[in-house]
Every structure is written in C-alpha cells, then in structure tokens.
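Computed from a prediction, not measured in an experiment: that's the story for all the values here.
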Amino acid sequence: MDTPSPSTPGSSRGVALKLGVSVLLAGAFVWALRPYLSALPSDLDVSAAVLLGYLATLLPYHLLRAGRWVLLLRPLGETLPPTREVLRIGLAGYMWIALMPFRLGEFARPMFLAQRSDVRVSQSLGTVAIERAVDGVMVCALFFVGMAGATPEGDTELLYLACYGVMGAFTVALAGMLAAARWPAQVASLADRLVRWASPRLATWARDTVHGVADGFAALPNIGAIAGFVVATAGYWAANAAGMWLLAQGCGLDLSLGEAVATLAIMNLALLVPGGPAQLGVFQSGIALALHLFVPADVVQTAGSKFAFFLYVCQLGTIVTLGLTSQWSLSLDWRAALRGPRKK
C-alpha cells in the first residue's frame with residue numbers, strides 16, 4: 001500500500017489559500033444570485049410525493065456513478081477489494097468531490113482505495129482521469145440532444161460555442177491519455193521536460209501521473225469493461241435527467257424533457273468553473289442561466305429558485321449521507337482527502 005511520503009506539489013499554506021479564495025468565490029456567487037433566492041425560506045411548497053420521487057431517482061444516480069469505477073479498476077490487479085467495498089469507497093470519494101473547492105476532492109477516491117488495497121494512487125488517478133473526460137464529452141452530448149428538443153428564448157450562440165470548446169478540450173484530453181497509454185515513456189518524458197523549468201517536484205508528479213494514466217487505460221482493451229462503463233454512465237445521467245424533470249414539474253416549472261436535459265447539461269458545464277466549498281453559488285448560477293432560456297424571468301425568481309433549492313439540498317444531502325455512511329463503515333482515514341496523493 002502507499003506510504004505517507006508526499007509526491008504532489010503544494011503545502012498546507014497552499015491548501016489554506018485555495019480554501020480562502022474558494023470561500024470568497026462562493027460568497028460572490030451567492031451575492032450575485034440574491035434575486036434568485038427569493039423563494040427562501042417562505043415559498044417551499046412542494047408535495048412530499050414529488051420529493052420522494054426525486055430522491056428515488058438519486059439512488060440509482062449515485063450508485064451507478066460510483067459503481068462504474070469498478071469496471072475500470074478490475075484490470076489493475078488481483079488485490080482489488082470486493083465490488084461492494086469499492087462502491088463504498090467511490091461514494092465516500094464523491095462526497096469529498098462535492099464538498100471540497102476546486103474539485104480537490106478528486107484525490108479522495110485514489111487515496112481511500114490505497115488504504116484498502118495495493119492499487120497505486122497513480123494507477124487509480126488514471127481511471128479518474130478517464131471518468132472525467134468521458135463525463136465531459138457526455139455532458140456536451142446531452143446539451144446538444146436537449147437543445148434539439150427544446151425551444152429556447154434568446155441568443156444561445158455563446159452557449160453553443162462554449163459547449164463546442166469544452167467538448168474539444170475533453171476530446172483532446174482523451175487523445176492525450178490514449179497517447180500516454182500507447183507511448184508512456186515518451187509522453188512522461190515530454191511532460192517532465194515541459195514542467196521541470198517551473199518546479200522539479202511538479203515535474204516528478206507530472207511524470208508519475210502520465211504513467212498512472214497509462215496504467216489506468218489498461219481497462220480499454222477489455223471490450224466488456226468499456227461497454228459496461230458506457231452503459232452505467234448513460235444510466236446515471238438518464239436517472240439524473242429524469243429526476244430533474246420530475247422535480248421541475250413539482251416546483252411549477254413547465255419544462256419539457258428536452259429542456260430538463262439541457263438544464264442538466266448547462267448546470268454541469270457551469271460546474272467546470274472553479275467554485276467554493278460544496279459548489280455553492282456555481283451550482284445555482286448554472287441553473288439560473290439555463291432556466292432563463294426556457295421560462296420568463298419572474299418564474300426563474302420564484303419557481304426556479306424553489307427548484308434550485310431542492311435540487312441542491314437533495315443532491316448534496318444524499319451524497320453526504322451516503323458518503324459519510326460509507327466512509328464510517330470502512331474506517332477510512334478522511335484526512336487523506338485533504339493531504340492529496342502520496343508516493344509509494
């Protein structure tokens with residue numbers, strides 16, 4: 001298992017600085033969103049049946065999202081814990097992704113897995129990179145599909161340009177990971193040379209990460225793993241879209257299914273922007289931006305505000321509940337989520 005010697009750049013002072021900046025960002029977003037928070041706390045009348053229905057869609061959403069990781073990890077070695085344990089590690093890790101700013105929680109799953117197996121942090125980081133790239137492409141695809149079935153009002157040119165740019169960036173990232181898998185030594189050496197002028201420690205980390213990505217791509221030759229991963233990914237996004245549509249109807253938003261899918265995609269595109277703890281502010285900004293395309297401004301400030309509130313509270317509440325339960329059941333060292341990856 002991984003030992004506690006550090007391998008990533010940064011320090012406690014750097015983490016504190018990021019936390020401070022993220023809190024300021026969150027505060028700025030909340031201040032800007034004041035007009036869209038008018039539903040709080042007086043107008044939260046949503047039927048219990050709607051909320052229970054929405055919560056029911058979140059269970060497959062979280063389980064499929066966390067469980068698909070197993071399919072990428074299986075080829076990495078025989079020391080992988082049982083599937084149920086990897087699922088709980090995934091749920092605990094996703095909680096930290098949701099809570100920590102700047103997506104610093106992405107390191108939590110690899111660190112937690114290293115506590116329970118001999119899979120190296122760099123290897124599992126490779127699989128996390130694959131996940132993020134596939135999800136990025138999927139979000140862009142959902143945007144185009146949703147907008148094809150929607151009737152937006154106003155100019156959407158900038159949104160389309162942003163989505164094309166994001167899809168291009170994630171496609172390039174996937175191509176880079178494929179190159180790292182095909183020529184790991186050469187790509188690792190190139191990464192080392194490009195970064196070493198700035199920081200030898202960062203260069204070492206970049207080289208190790210390239211090798212980890214190459215190891216993570218060990219799952220790609222397994223057609224069954226690829227197919228299962230794609231099906232699980234499509235399933236969890238479908239559950240998310242269906243839940244958002246159901247909640248929107250219950251909150252008084254007359255969104256078509258296509259508009260709900262587009263709202264989901266725009267919200268997730270907004271979450272690519274660096275944000276504060278628990279994605280506060282950025283999350284609501286994405287929802288407000290999307291709803292302005294489909295409903296009048298006064299509806300955004302009333303029913304839309306109610307929708308954003310329940311969407312945020314239910315999603316964050318369920319992942320924190322599942323994450324804390326999973327972390328406690330496995331006795332995982334939660335401090336690993338703050339320390340970052342460590343070298344073997």
Side-chain angles (χ1 to χ4, degrees), residues 57-95 97-98 103 105-110 112-114 116-117 119-145 166-167 169-182 184 209 212-243 261 264-265 268 271-272 319 322-323 326:
T57 67
L58 289 179
L59 186 59
Y61 162 67
H62 289 309
L63 293 180
L64 286 170
R65 186 187 185 201
R68 63 182 179 153
W69 193 35
V70 178
L71 299 170
L72 297 182
L73 290 173
R74 276 178 183 164
L76 297 183
E78 298 179 357
T79 63
L80 194 68
T83 298
R84 287 183 299 178
E85 189 170 319
V86 177
L87 175 61
R88 284 181 286 169
I89 291 172
L91 289 171
Y94 275 115
M95 175 188 69
I97 294 174
R103 300 192 72 89
E106 293 285 9
F107 293 124
R109 280 186 297 160
F112 290 156
L113 183 63
R116 307 288 300 189
S117 73
V119 176
R120 298 194 309 274
V121 171
S122 59
Q123 287 180 301
S124 50
L125 272 176
T127 63
V128 169
I130 296 169
E131 277 191 1
R132 295 286 72 77
V134 171
D135 277 339
V137 173
M138 179 67 75
V139 166
C140 293
L142 287 172
F143 172 80
F144 294 124
V145 170
V166 171
M167 178 170 273
F170 279 113
T171 301
V172 169
L174 276 173
M177 284 185 266
L178 284 171
R182 178 64 180 84
T209 299
V213 168
D215 288 339
F217 259 79
L220 286 182
N222 187 332
I223 300 300
I226 296 172
F229 179 79
V230 171
V231 169
T233 299
Y236 105 71
W237 282 111
N240 200 359
V261 170
L264 168 65
N268 278 275
L271 291 176
L272 295 175
I319 191 53
L322 291 170
S326 299

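- With sequence neighbours left out, the side chain to side chain donor-acceptor pair (under 3.5 Å) criterion links Thr233 to Arg68.
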*Check against side chain to side chain contact (heavy atoms under 4.5 Å, CB included), Asn268 and Trp237*: CA-CA 11 Å; Asn268 278 275; Trp237 282 111; 3.6 Å; yes
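- Contact between Gly67 and Leu87 at its shortest, heavy atoms only, is N-CD1, 3.5 Å.
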_Criterion side chain to side chain contact (heavy atoms under 4.5 Å, CB included) on Leu80 and Leu113, from CA distance to verdict_ = CA-CA 9 Å; Leu80 194 68; Leu113 183 63; 4.2 Å; yes
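- Residues satisfying the ring-ring contact (aromatic ring centres under 6.0 Å, His included) test with Phe170, not counting sequence neighbours, are none.
- With sequence neighbours excluded, the residues forming a side chain to side chain donor-acceptor pair (under 3.5 Å) with Tyr236 are Asp135, listed by chain and number.
- The two residues Ala92 and Ser326 make their nearest non-hydrogen contact at N-CB, 4.3 Å.
- Considering every non-hydrogen atom in both Val121 and Ala114, the closest pair reads CG2-CB, 3.8 Å.
- The CG atom of Asn240 sits 9.0 Å away from the CG atom of Leu142 when rounded to the nearest 0.5 Å.
- The side chain to side chain donor-acceptor pair (under 3.5 Å) test applied to Glu131 returns Tyr94, Arg109, not counting sequence neighbours.
- By the side-chain contact (heavy atoms from CB on, under 4.5 Å) test, Ala179 pairs with Trp183, Val187, sequence neighbours left out.
- In this view, Val70 and Arg74, Thr83, Val86 satisfy the side-chain contact (heavy atoms from CB on, under 4.5 Å) rule, not counting sequence neighbours.
- Legend: residues meeting ring-ring contact (aromatic ring centres under 6.0 Å, His included) with Phe143, ordered by chain and number and at least two apart, are Tyr160.
- Leu58 meets the side-chain contact (heavy atoms from CB on, under 4.5 Å) test with Tyr54, Leu55, Tyr61, His62, Cys314, Gln315, Thr318; sequence neighbours excluded.
- Residues Leu64 and Ala232 come closest through the heavy atom pair CB-O, 3.9 Å.
- Taking each heavy atom of Gly90 and Ala66 in turn, the nearest pair found is C-CB, 4.0 Å.
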*asked:* Could you walk me through whether Leu125 and Phe107 satisfy the side chain to side chain contact (heavy atoms under 4.5 Å, CB included) test, starting with their C-alpha distance in whole Å, then the side-chain angles of each, then the deciding distance to 0.1 Å, before giving a yes or no?
replied: CA-CA 7 Å; Leu125 272 176; Phe107 293 124; 3.8 Å; yes
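- Note that the CD1 atom of Ile89 and the OG atom of Ser117 stand 6.5 Å from one another [nearest 0.5 Å].
- Scanning both residues, Trp69 and Thr127, for their nearest heavy atoms gives NE1-OG1, 2.8 Å.
- Note that the CD1 atom of Ile97 and the CD1 atom of Ile319 stand 8.5 Å from one another [nearest 0.5 Å].
- The environment of CZ in Arg84 is sparse: at most 12 heavy-atom neighbours from other residues, nucleotides or ligands sit within 6.0 Å.
- Here the CG-CG distance, from Leu91 to Leu63, works out to 6.5 Å after rounding to the nearest 0.5 Å.
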